[in-house]
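In what follows, a structure is listed as structure tokens, so that the remarks can point back to it.
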Amino acid sequence: MIVDDQHYDVIIVGTGAGGGTLARKLAPIGKKILVLERGEYQEKESSQLEDVDVFTKEQYHAPEQWFDRDGEPFSPQTNYGVGGNTKVYSGTLMRLREADFGKVLHKDGISPAWDLTYQDFEPYYTEAEKLYQVHGRLGDDPTEPPHSEEYPEPEVAHEYHVQAVVASVAKQGFHPAYLPIGLGNEGRTDSEDTGITPALKSDNVTLKIGARAVRLLTNASGSEIKAIEAKINNQSYLFFGNIFVLSCGAVNSAALLLRSANEAHPNGVANSSDQVGRNFMKQQLSVLVQLTSATIAGQFQRSVSVNDFYWKDDRGDNFLFPMGHIENAGGILQDVIFAESPPIFSFVARLLPEFGLRQLATRSIAWWLQTEDLPDPENRVRVKGEKTYLDYKINNFEAHDRLVYRWLDLLKVVEPDYPDLFRSGVHPRSDMPLSVVAHQCGTCRFGADPATSVLDLNCRAHEVDNLYVVDSSFFPSSSSISPALTVLANALRVGEHLLDRLG
């Protein structure tokens, strides 16, 4: 074991949305900050699919296996590298709806209220939108919560085929809206370019890559973290600090806490409530594909969302429970998560044998449909030795299925209006498997009550004075939209708290 001879004011584990943003927030104050990242730097092009062979290479999977509730191994689609999953995400940066922070009745149960409100997060949403250069437009989406300022950048124009759908859906009385997207001069904004790179311009910030966190070490009473052990090139290092912040992702942050069990924390650090790892959520995600009559570009940005069914459907099947969020997928050759849709390819091969992967990528547009899954204490992260287990059973499926078919019905109305653009009648669908953990959250929920939460309202562990978590682990509920902007906003919020604490 090599003991690092430095002592750090803050040690941040992970460079994704939470960790990278927090590093930038804290860098200017001059405190000594260490950032540990288990992955390496990646090529800039890693956020785009350069060819259809990505669908067979699984190049966006972690170099390890996790195990499902039956003990079967799988390769998780999660990115280890500087910038984390923001290097491969869609760039969608939406605010949770105002009512998402309250108690919501769903078909299969309750989405619990947060102990903070939308108004508590609103200033940090605004700050995050500026930092990550969010393009959007207010006024089109009836579910959009109030903004203290306009979006900092103009909306992204729709691709030609997408615009046709938007126009036709609007004629039906629905409200397609411009999707908030984080875009810089060189493509989607991410936490490497926006967070880590600016932070490293400060001499007080050190980044160590290829550094996999192994365990946290506490003092004898367990009230404070004293050091973190990490492996770099198969050598164990010990890093000492005053404040420790985890941003490893909802699965890996929980797994690190559980693996750090000691005499003071026999069930895992910060886990006397037995809540660490529980209430894992990842939303239900499906992709629905429209086939086009002519070749289109395989690369274009997502640009539209439809939230008319977010809370209920009082026009179609009269389903008066929340259903979820719809957005276009962007060009398939640009949409990394689409690589997780093999059932679509077998479907197309069976019904349209003349279609290969490249034809699918350049003769179609895709739609993502997202429905909130509800916190379930039995949906959880467990560890056994070096193995990470992810026990997960889908819930709220009827609401999601209705969302898919409601959108399919609308597409069937749209397509006859544009016979030169769309091939009607065939709409491949794929539901994302367990390995897609793109919207993972909930394993270290925050709250005012230590008996039912892991973190307090500043995302500090109830039991450990100097331990914080700033990834999506803190979510008490998942909502139906991407958690990314809320993670960014929360990192800025927690960063403000830490600035006060550090003086």
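Side chain to side chain, Asn242 and His7 meet the donor-acceptor criterion of an N or O pair below 3.5 Å. Donor-acceptor pairing under 3.5 Å is recorded for the side chains of Thr388 and Arg259. Side-chain N/O atoms of Ser247 and Asp471 include no donor and acceptor closer than 3.5 Å. In this structure, a donor-acceptor pair under 3.5 Å is present between the side chains of Ser148 and Glu122. Side chains of Ser478 and Asp373: a donor-acceptor N/O pair is present below 3.5 angstrom, by distance only. Tyr132 and Thr86 share no side-chain donor-acceptor pair at under 3.5 Å. Checking Glu372 against Ser111 by side-chain atom types alone, a donor-acceptor pair falls below 3.5 Å. Side-chain N/O atoms of Glu144 and Asn307 include no donor and acceptor closer than 3.5 Å. With no hydrogens or angles considered, no side-chain donor-acceptor pair links His325 and Gln370 at under 3.5 Å. Judged purely by distance below 3.5 Å, without hydrogens or angles, the side chains of Thr92 and Glu327 pair a donor atom with an acceptor atom. Side-chain contact check for Asn396 and Thr371: no donor-acceptor pair (N or O, by modelled atom type) lies under 3.5 Å. Side chain to side chain, Tyr80 and Glu64 meet the donor-acceptor criterion of an N or O pair below 3.5 Å. A side-chain donor-acceptor contact under 3.5 Å links Thr126 and Arg95. No hydrogens or angles considered: nothing links the side chains of Gln77 and Ser435 as a donor-acceptor pair under 3.5 Å. Looking at Asp100 and Ser477, their side chains never bring a donor and an acceptor atom within 3.5 Å of each other. Side-chain contact check for Asp193 and Thr189: no donor-acceptor pair (N or O, by modelled atom type) lies under 3.5 Å.
The closest donor-acceptor contact from the side chain of Tyr151 to the backbone of Gln133 lies at 3.5 Å or more, if one exists at all. In terms of modelled atom types and a separation under 3.5 Å, the side chain of Asn271 and the main chain of Val276 share a donor-acceptor contact. Panel note: side chain His265, backbone Ser272; no donor-acceptor pair is recorded below 3.5 Å. Side-chain atoms of Gln440 come within 3.5 Å of backbone atoms of Val251 as a donor-acceptor pair (strictly under, hydrogens ignored).
Using a 4.0 Å cut-off between charged nitrogen and carboxylate oxygen, Arg402 and Asp313 do not count as a salt-bridge pair. Between Lys32 and Asp9 there is no salt bridge, since no side-chain nitrogen of the basic residue lies less than 4.0 Å from a carboxylate oxygen of the acidic one. The existence of a salt bridge linking Glu192 and Lys87 is confirmed by a sub-4.0 Å separation between a basic side-chain nitrogen and an acidic carboxylate oxygen.
Residues Gln65 and Glu72 have side chains not in contact (no heavy-atom distance under 4.5 Å, counting atoms from C-beta outward). When side chains are defined from C-beta on, Arg380 does not count as touching Thr443, because their heavy atoms never get closer than 4.5 Å. Considering only heavy atoms from C-beta on, Lys130 comes within 4.5 Å of Glu149 through its side chain. Residues Tyr468 and Leu455 fail the side-chain proximity criterion, which asks for heavy atoms closer than 4.5 Å. Annotation: side chain of Trp66 is not in contact with side chain of Lys387 (no heavy-atom distance under 4.5 Å). When side chains are defined from C-beta on, Leu488 counts as touching Leu93, because their heavy atoms get closer than 4.5 Å. The shortest distance between side-chain heavy atoms of Tyr118 and Arg97 does not fall below 4.5 Å.
Here the closest heavy-atom approach between residue Ala270 and residue Val454 is recorded as O-CG1, 3.8 Å. The two residues His135 and Leu183 make their nearest non-hydrogen contact at NE2-O, 3.3 Å. For the residue pair Asp68 and Tyr389, the shortest heavy atom distance occurs at O-CD2, 3.8 Å.
Taking the ring centre of Tyr124 as origin, the terminal cationic atom of Arg493 falls outside the region bounded by 6.0 Å and 45° from the ring axis.
Listed by chain and residue number, nothing satisfies the side chain to side chain contact (heavy atoms under 4.5 Å, CB included) test with Pro266 (two or more places apart in sequence, or in another chain).
Classified by interplanar angle (parallel below 30°, tilted 30° to 60°, perpendicular above 60°), the ring pair Phe397/His400 is tilted. Note: Phe121 and Phe474 have parallel aromatic rings, judged against thresholds of 30 and 60 degrees for the angle between ring planes.
No close placement of the Phe240 and Tyr8 rings is indicated, their centers lying 6.0 Å or farther apart. Less than 6.0 angstrom separates the ring centroid of Phe475 from the ring centroid of Trp114.
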